[in-house]
Every structure is written in C-alpha cells, then in structure tokens.
Amino acid sequence: MSILEVNNVNKNFGGLKALNNVNLQVEAGTVHAIIGPNGAGKSTLLNCFVGRLEPDTGSVTFDGESLLGIKPFQINQLGVSRVFQTPEIFGALTLIENVMIPAFAKRDGAFHMEPWRSVGSEAGLHEQAMEMLSDVGLDAKADELAGQLSRGDKRRLELAMCLVQDPKLLLLDEPTAGMSRGDTNNTIDLMKRIAQRGVTMVVIEHDMHVVFSLAEKISVLAQGTVIVEDVPEKIKGDPRVQDAYLGGAHL
Amino acid sequence: MLGLNRKDSGLFLLVICLTALAPFLLNPFPEGSELAQFNAGYPDLMQRFMIFGIFAIGFNILFGLTGYLSFGHAAFLGVGSYAGVWMMKLLTVNVVPAIIMSVIVAGLFSLVVGFISLRRSGIYFSILTLAFAQMSFALAYSVLTPITNGETGLQLSLNDPRILGISQTVDGSIPAANFFGIEMRDSLELAMGGWLFTFNAGYYLAAIVMLISFYIAIRIFRSPFGMMLRAVKSNQQRMSYTGLNTRPYALTAFVISGMYAGLAGGLMVAMDPLAGAERMYWTASGEVVLMTILGGAGTLLGPIIGASAIKYFENIFSKINDTVLHGWFSFMPDGLQDFVVAIIHPFIGKGWHLTLGLMFMLVVIFLPGGLMEGINRLRIWFGKRINGRQQAPDHAPATSS
Ligand SMILES: Nc1ncnc2c1ncn2[C@@H]1O[C@H](COP(=O)(O)OP(=O)(O)O)[C@@H](O)[C@H]1O
Ligand SMILES: [Mg+2]
C-alpha cells in the first residue's frame, strides 16, 4: 500500500519548469530515495509535500488525505516531519529544548497554553528527548545552545527533532551533506534503525554509498521529470541514469 | 516555593524583600542633608517604580520572549487608564473594579490590535502597532472627546453617579480613591534620627500587584508555553514544520502584555484618578522599549531594573539645577567652580535625557544583555574571587549544599 501518492505534479518558477508531470508512489514502511543532478527539482518536490510550495497542478495525497491547501503545521500534525537541506533549528535555544519542542507539539497539538505548568515537571518528556539526543550522539551537549553547533551536528539535531515525533513519514533532504565520513556512517546506521522501526522515509541524497545501503526503491529526477524508478540493482546499470549525471563515473 | 524551583524562589523572595523594604532602602540619606535630593523613597516615585515595572514586565513577555517589537504599547496603558477612571466615575472610588476593568478593556483592545498587526513581522509589525497607538492618541483628542474629555483629560467630578459609592463626601468634596476604605494617599511617617521614612498605602498596593505580576511572569517563562514563545523568536519556519501554529502563540503573548499595560494604567489612576491622551503618545511607547532593553530583554528581573532606573533618572536628575551644583562645588575657587558647573550643566535638569541617552548607549554597546548582564558578570566575578579565596588555603573538597 502506498502511503504517499504524487500525481502529475507541475511547478513553474517564471519560465522555468522545475517539476514536470511528476508521479511518485511511496510504499508504507519503505525507504524511497530520490536522486538526480543539482537543480533537478528534488528539493522543490519535497517543498510541495510539506506546504512550503503549492504545485501549479496535480495532487499530493498522504495516508488518504490531500496535503495541498493546508498549512505546514497541519501537515506535520498528520505525521510528516522533514529535515531541511540547510538545517532549520532553534539556534537561540538549548539542544534539549530543541528536541522537547517537537515532543510537546506531538503531545499537546498545534497550540496549547498552560502557563502554570512548568517545563521542569515534564520528566517523562525530558527523558524521551534525552534518549533521542543520545541516539544521534549529542547527549553530552544537551545544555548548549543549538546555534553554536557545527553544520553536521545541526543536521543530526534536526533529525532528532523529527524522530522524537515518531513520524509516519520522514522526509530527508541530503541528510549527510557536510558530514565527515565517520558521521555519515553513524547517520546511515541511525537511518537503518529508524527504517527498522517501520518509519517510511523519502531521502534525497547525493552520496551513492548512502543511497544504495538504505533505499528499497529509487526515483531518478532530471530537469523536473522522473526519468527512471526502480530497485537499486537495476538503477546502477541504467544508461539513462548515467546520461542524466553526465559524468556517469559518479555511479 | 509556590511551584517555583530553588533559583526562582530565591529571586522572587529577594524581590519581595526589596519592595517591602523600599521605603528604607531608597531613603539612605538623612533629611536636610546635601544628598537628600538623591532619595527616591517618596510615595509618588516609589509608585512609579512599581507601575512602570509592571508595564515593562508585560512588555518583556512579548518583546523579550517572542522578539516582536511593539511601538504602540502605551495605547493599552492609556486605554486602561480611561477605563479605570470611568469605573471610578460610574461605580465607586474603590480601586478594585477600576483596576479589573482596566485590564479587561486593554486586553480586548490588544486582541484587536494584535490580531491585525501580527499579520506582519519585523519592522512592518512595529510600524503597524505604532500606527494604531498614534491613531488612538489622535482619536482621544478629537472624535472620542465625549469619552476622553480631550485635552483637559478625564477626571472625577462632584456630579459623577458612582452608583455603588457616593458622588461627594459630606463636606462636599470628591471621595478619595481607596482599597476597601484604605485611602491610597494614606501614609505613615517614621522619623528615626535625621531620617524620615514614608510608608504609603498606595505604594504597598502597587507593590503587591507588581509582585503578583512578577510571579505570573516567572511561571510563564518556565512553562512549555514560554518555551514556545522563545521558539517564535528563534525560528518560526521550524516551528510550523514542527506542527506548531505560531500565530496564536504570538497573539497570546501580545494580549498578555497588553493586559499588563492595562494593569499599569489602572494602577496609575488608582494612585491619581486622572487620565490623559498624552499617556498614549509614541514617546511613552518608546519609553517601555528603552526600559526593557536597558534592564535586559528576555530576563526576568531586567525590566523592573530598567523601569526603575529610567524613572529614577527622570525624577531625580531633572531636579538638580545650577544652584544645586554651585552648592556642591562651593569649595572650589570661583572660576573653576563656574567651569565645572558649565560642563555638568547639559547633563542635569532638563538635560536629564542626555544623561539617560548616554547611559543607554553605553549599556547597549558594552552590555548588550542590558544591566542584568552587568549584574551577572559582577556576580560571576565576585563568585570566582570568593571561591578562589576559600579553596586556596585548605583544598577542601566541595561539599554539596
Ligand atoms: N523558490 C524558487 N523560486 C525560483 N526558482 C526556484 C525556487 N526554488 C527552486 N528554484 C529553481 O528550481 C530548480 C530546482 O531547484 P531544486 O529543487 O532546489 O533542485 P535540487 O534538485 O538541487 O534540490 C532550480 O533551477 C532552482 O534554481
Ligand atoms: Mg536540493
């Protein structure tokens, strides 16, 4: 059963056709990778899933509900979390606060006001956030300000912020970009563990090592069009994919 | 204590002690001495410390936590003042209904202004709030004169109905504002040696209201709701992709701060039953911004310190004139005396704004976190010196206390 259905999505920026009749079916409980050269429209496609952009035409359905015409916070409340290409975190807050906020959002909803309750009395939620931080290896920095983290650490923090919500669908835009080899491997391990929990994931990734060690299905996007969609073994040898990447040796 | 953690309880107790003992602490100089003019322990000024403290505490919940810089909060204080005087005209000179109505009316007005202004952020938000406040100011002088009494200002009169009280006293004067019989202007004077201390009923009412406001602010700061407000300031994008609706959070903070402003306005008329439109002028809105930044935006204590500092300057520095200066420097030869007085002259009397401006600039440049940052740096510095001295001789292991 597919949990995310994308049908004939088009998006123009002025004269530029960023997405051209894109179709995509993501099976529940699988890892689906989207690859393609820079500027192919990968991030634009994810933007159409989370309410950052509205497609010109087409439909995006998650779990039977349309994701078009509703606000980003409503999409998240349906169970869709996203890690951005440039980390989006609460820089002026501590790491533990960064992770507790999404946990509150999941538990208490989009707006909740109980000004007489204290954060200090939320032991269960604090513990949950702490576990998440140690999952991504940032527990030692729990009380530091998130804005001071390295780019790779910010990314892992953002991942923890998404994971603490236990999302049904996790969207990752180049989660390992800017990470050292060691951190990349840790992140792959983490993503494998997440996948084993049954979380559906859509991953945009340039690192083919990451793609082939995670994905069950791969869609190749070039100039706004899905040119191939298949299992990793088939993608590796496909000449159209080599073409799209120009320098073929990449694969 | 009262659901606060140890650190916050300590802070709250400290503020309780300082406000309770303020009539002593603010009058350190004996009556009639040269320095007596620096005494701030007289009722009128102490009431201002409390009232503007409340105004700034509330403003800080909006500006300090969410980062939305309103340039129109004086409008809520002004509207609260008018509502308060009307209660004292129509109902009773007991200040309780007046204060409650001030908060309600200011809250409703800030709901409307906030709802519209929060459609924009950054400078556009600030301009919208400024526009609303200036509009209220202009309306109070023109169309709304039946409600505001225009330039004269709204005040009590002998013909007011006061259906729950009396229109005039037996001797034919306007009844005095009171709290269930205790008149706001009632004072108890205590002479000790050369010192004179004044304990004023109005001050203590304002102090209790300020302490309650401060307590509520601490609770808000420490709640998940307060954390969300700080998230609004830090990254609204991330908030919405995290499933949080940012607008109602900002609006709630706006209304809470509007209600604090109304409370301050209500207390003002409780102390002196008079409301004028100049309270809504943009300089009054700017003043609360200065108070909050000077003391330390986003800190608990900062706004109270900032409000007190500015009110102290306004009232004390503006009173010093050249005659006073000549008195101070009379030990100098005449020529030098005139020279020194001429140099200091621009900074005192009417020039107190210059002193305040310079102080503000120095603080913003060297202590971006406001006076609170200065206080914290001093505490750390002293803490290090004290710890260093204690540990050096005996190398005793630290014991948990
Ligand atoms: N908001 C926007 N406005 C105009 N052009 C955009 C916008 N977002 C993306 N584009 C353009 O659309 C194309 C696809 O971009 P993007 O989706 O970011 O590619 P990538 O596959 O590298 O993530 C690029 O040519 C980019 O310049
Ligand atoms: Mg991209």
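Chain letters run A, B, ... following the sequence lines, proteins first and then strands; every chain starts at 1. Treat the numbers as computed from the prediction; the structure is a model and nothing was measured.
In terms of heavy atoms, B/Leu244 sits closest to A/Gly109 at CD2-O, 3.8 Å. Taking all atoms of both residues into account, the shortest heavy-atom contact from A/Pro72 to B/Tyr241 is CB-CE2, 3.6 Å. The shortest non-hydrogen separation linking A/Val119 to B/Ser223 is CG2-C, 3.4 Å. Between A/Phe104 and B/Met227, the closest heavy-atom pair is CE1-CE, 3.5 Å.
Side-chain contact check for B/Met239 versus A/Phe90: some heavy-atom pair is nearer than 4.5 Å. Side-chain contact between A/Phe84 and B/Gln237 is absent, with no heavy atoms from C-beta onward closer than 4.5 Å. Residues A/Trp116 and B/Arg222 are not in side-chain contact: their nearest non-hydrogen atoms beyond the backbone lie 4.5 Å or more apart.
Taking CG of B/Asn245 as the reference point, atom CD of A/Gln74 lies at 7.5 Å (rounded to 0.5 Å). Separating the CD1 atom in A/Ile89 from the CG atom in B/Asn235 is a distance of 8.0 Å, to the nearest 0.5 Å. Once rounded to the nearest 0.5 Å, the distance linking NZ of A/Lys71 with CZ of B/Arg247 reads 7.5 Å.
For the pair B/Ser234 (side chain) and A/Ala92 (backbone), a donor-acceptor distance under 3.5 Å is present. Within the 3.5 Å criterion, the main-chain N or O of A/Glu88 finds a donor-acceptor partner in the side chain of B/Arg238.
In this structure, chain B has a heavy atom under 4.5 Å from the side chain of A/Gln165, while its backbone stays farther away. Heavy atoms of B/Met228 lying under 4.5 Å from chain A belong exclusively to its side chain. Residue A/Ile75 does not touch chain B at all, counting heavy-atom pairs closer than 4.5 Å. At a 4.5 Å heavy-atom cutoff, the contact between A/Arg82 and chain B is made by backbone atoms alone.
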Residue pair B/Phe225, A/Arg117: steps toward the side chain to side chain contact (heavy atoms under 4.5 Å, CB included) verdict: CA-CA 9 Å; B/Phe225 172 70; A/Arg117 204 175 57 188; over 6 Å; no
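For the side chain to side chain contact (heavy atoms under 4.5 Å, CB included) criterion with A/Pro115, the lone passing option out of B/Ile216, B/Thr252, B/Ile220, B/Ile256 is B/Ile220.
The number of heavy-atom neighbours closer than 6.0 Å to OH of B/Tyr124, taken from other residues, nucleotides and ligands shown, is 12 or below.
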